[in-house]
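Written below as structure tokens is the structure these notes are about.
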Amino acid sequence: MEKEKKFKPSKDLPLGFVDRQEKELLTRDFIISNIKEVMIKYGFQYLETPSFEYTDSIGKFLPDKERPDQGVFSFKDEKNWLSLRYDLTAPLARYIAKNYLEIPKPFKRYQLGTVWRNEKPGPGRFREFLQFDADYVGTQNLQADAELCVLISEILERCGLTKDDYTVKISSRRFTKELFDELKIQPGEQSAVTLRALDKLDRLGWEEVRKILTKGREDKSGDFTKGADLNEEQIKVLERKIKEKKPSTSDILEIMKIFEAYNFTNYQYDPSVIRGLEYYTGPIFEVNLNFEVKNSKGKTIQFGSIGGGGRYDNLVNNFGNLDCPATGISIGLDRLVYALMQKKEYNIKSNKPVVICVFNKENIKDYIGILKKLREANISSEVYPGEGNLKKQMQYANKIGSPAVILYGEDEIKYGKPTLRNLKSGEESKIEIENLPNEIKKIL
RNA sequence: GCAGCUGUAGCUCAGUUGGUUAGAGCACUAGUUUGUGGAACUAGGGGUCGGUGGUUCGAGCCCACCCAGCUGUACCA
């Protein structure tokens, strides 16, 4: 008989998607609990919006409106294009526009949610990831911007980072706008290329950036990036101003004054911080980690920022004639988790069950009796859920990281005293059933 | 998108100038031990050699095209 070719489904995950293990999830939970506490303390409302939105509602800034699956995951139902959200800001703007009359002004909300981007993943960057956003809507008061920076710091420090571990960089879109006007850099393409070039300053250095500002730059692989065609005079002024670390715009000066009132010092003014080009209108922030992060192969990677944000006074206005200034900040949680797991070991309790071994199914009542006692005492426990001999059960307990097993076979049942085996030390002792919870707690 | 590199077992990889039935370590399963895990030993399962076509008596190895992944770069709300 001929062997039939069987269809085998792939075990691989789609590019950019990952399975997440318990250790990572518990670290993430820890961060999230810190976030929630801080947000409550700062008086923010908790909000959730759906994963999908109409592409039109959040697609104002998509690269190609005719092909909404570039960059985002989209599909068309009977009538409309729908997209998985690619951030939490665009849905917020939609929410504000929809509920404008009801919400308090100003409106402060925070949100935790998965977002998706249909683009090439990189080290520590995936196509599905968890974001945290905090936003102030309906106020031009720069205290909002300042407080976002303060609040992010408090979250990071609660998570165990010190002031040396991170820096909040601030800058203002107003600075580049005024400077570009002065230098007669054309709005549109030339201005965009110049901004993107300046954004690469910390990674490439001035000499490389300078190439992009003139004719263009060829990278190691031979790829060519078109330049901004600035003249020498423009570049000279640009270099001087961008390296000047003293703020000149009034918004930054005011924010710094507010920082002082908060006694917040862990920030840095850096005019080369650019962020996205599309919607920021005023102050912008970026949160950077200052310690080394390694990839799975132990190689140090350029980690970049773990979050950022800024003022976007016109975004809500796109939905209609709503004058609704806003400012917000977001953190890429998975990246923060990844970095934090390397930074230090958290005392994250991951309680593995005590395993009650089964010698004879006839005695199941005894096993479940012990199980109920342990669970009443809030001890994670289980009667061995599989089938097999004692050796197999021990191997199982060892593999799941169980702290102890309970052996209750013929010999023990005769005297009503189970054997408790500590799996870390290998020690065994016979214990009265009533005392089991207490003895086990000593091991945990 | 562009460029360079790489695709052999679940994972990490070896595979001679093209030559029988494609190997190792780890992992997995079973046993040595039917009441004892982490160690050792023994045995076993697991592969369309990324795909298609070509050259050849013969291809994991050579050629062409395709696909996928990695790295850099571009875009990034």
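Please read these numbers as outputs of a predicted model, since none were measured by experiment. Here is the naming used below: chain letters follow the sequence lines, and residue numbers restart at 1 for every chain. Values reported hereafter were calculated over all heavy atoms of this structure, with side chains retained and with hydrogens, waters and symmetry mates removed.
The side chain of Leu390(A) lies closest to U36(B), out of U36(B), A77(B), A74(B). Checking G69(B), U73(B), G35(B) against every side-chain atom of Leu407(A), the shortest atom distance belongs to G35(B). Comparing atom distances between the Asn398(A) side chain and each of G38(B), A77(B), A74(B) picks out G38(B) as nearest. For Lys120(A), the side-chain atoms get nearest to G72(B) when compared with the rest of G72(B), A77(B), G35(B). The side chain of Glu119(A) sits closest to A77(B) out of A77(B), G37(B), A74(B). With distances taken from any side-chain atom of Leu204(A) to the nucleotides A77(B), C75(B), A74(B), the minimum falls on A74(B). Picking from C75(B), A74(B), G35(B) the nucleotide with the shortest atom distance to the side chain of Arg217(A) gives A74(B). Side-chain proximity of Leu423(A) to C70(B), G37(B), A77(B): nearest is G37(B).
Between the CG atom of Asp19(A) and the P atom of C11(B) there is a distance of 13 Å, rounded to whole Å. Phe17(A) places its CZ atom 17 Å from the C1' atom of A68(B), with the value rounded to the nearest Å. Atom CD1 of Ile212(A) and atom C1' of U73(B) are 10 Å apart (whole Å). With rounding to whole Å, Asn360(A) atom CG is found 17 Å from U36(B) atom C1'. The interatomic distance linking Ile274(A) (CD1) with A77(B) (P) rounds to 12 Å, in whole Å. One can place OH of Tyr279(A) at 11 Å from C1' of C76(B), the figure rounded to the nearest angstrom.
Between the side chain of Gln234(A) and the main chain of Leu183(A), a donor-acceptor pair closer than 3.5 Å is present. Not a single donor-acceptor pair under 3.5 Å links the side chain of Ser57(A) to the backbone N or O of Glu53(A). Put simply, the side chain of Arg375(A) gets close to the backbone of Ser381(A): a donor and an acceptor are under 3.5 Å apart.
Within a 6.0 Å radius of CD in Glu48(A), no more than 12 heavy atoms belonging to other residues, nucleotides or ligands are found. Counting heavy-atom neighbours within 6.0 Å of Lys226(A) NZ, excluding the residue itself, gives a total of 12 or less.
Distances shown here put a side-chain N or O of Arg203(A) below 4.0 Å from the OP1 or OP2 atom of A74(B). Look at Arg275(A) and you won't find any side-chain N or O under 4.0 angstrom from OP1 or OP2 of C76(B). For Lys200(A) and C76(B), the shortest distance from a side-chain N or O to OP1 or OP2 is not below 4.0 Å. Contact annotation: Lys392(A) reaches the phosphate of A30(B) (side-chain N/O to OP1 or OP2, under 4.0 Å).
Both tests hold for Lys105(A) against Tyr100(A): distance to the six-membered ring centre under 6.0 Å, angle to the ring axis within 45°. Geometric assessment of Arg20(A) against the ring of Phe126(A) yields a positive cation-pi assignment under the 6.0 Å and 45° thresholds.
For the contact set between residues 410-418 of chain A and RNA chain B, defined by any heavy atom under 4.0 Å, the members are Glu410(A), Asp411(A), Glu412(A).
When each of Gly409(A) and Arg117(A) is assigned the nucleotide of RNA chain B bearing its nearest heavy atom, the one mapping closer to the 5' terminus is Gly409(A). Toward the 5' end of RNA chain B, the nearer of the two residues Arg421(A) and Lys399(A), judged by each one's closest nucleotide, is Lys399(A).
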Practice problem: Test side-chain contact (heavy atoms from CB on, under 4.5 Å) on Lys361(A) and Glu387(A) and set out the steps. | Solution: CA-CA 10 Å; Lys361(A) 276 188 183 169; Glu387(A) 290 169 359; 3.9 Å; yes
Self-check item: Verdict with reasoning, Gln140(A) to Thr327(A), per side-chain contact (heavy atoms from CB on, under 4.5 Å)
Solution: CA-CA 8 Å; Gln140(A) 286 185 354; Thr327(A) 183; over 6 Å; no
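Counting non-hydrogen atoms under 4.0 angstrom, Asn389(A) reaches nothing in the nucleic acid.
Residues Phe285(A) and Tyr280(A) place their aromatic rings such that the two centres sit no closer than 6.0 Å. Centroid-to-centroid, the aromatic rings of Tyr408(A) and Phe359(A) stay 6.0 Å apart or farther.
Separating the P atom of G50(B) from that of A59(B) is a span of 15 Å, rounded to the nearest Å.
Side chain Glu428(A) to base U36(B): a donor-acceptor pair is found below 3.5 Å.
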Quiz prompt | Watson-Crick or G-U pairs under 3.5 Å in RNA chain B, rendered as dot-bracket with [ ] for crossing pairs and | for another strand | solution = (((((((..((((.....[...)))).(((((.......))))).....(((((..]....))))))))))))....
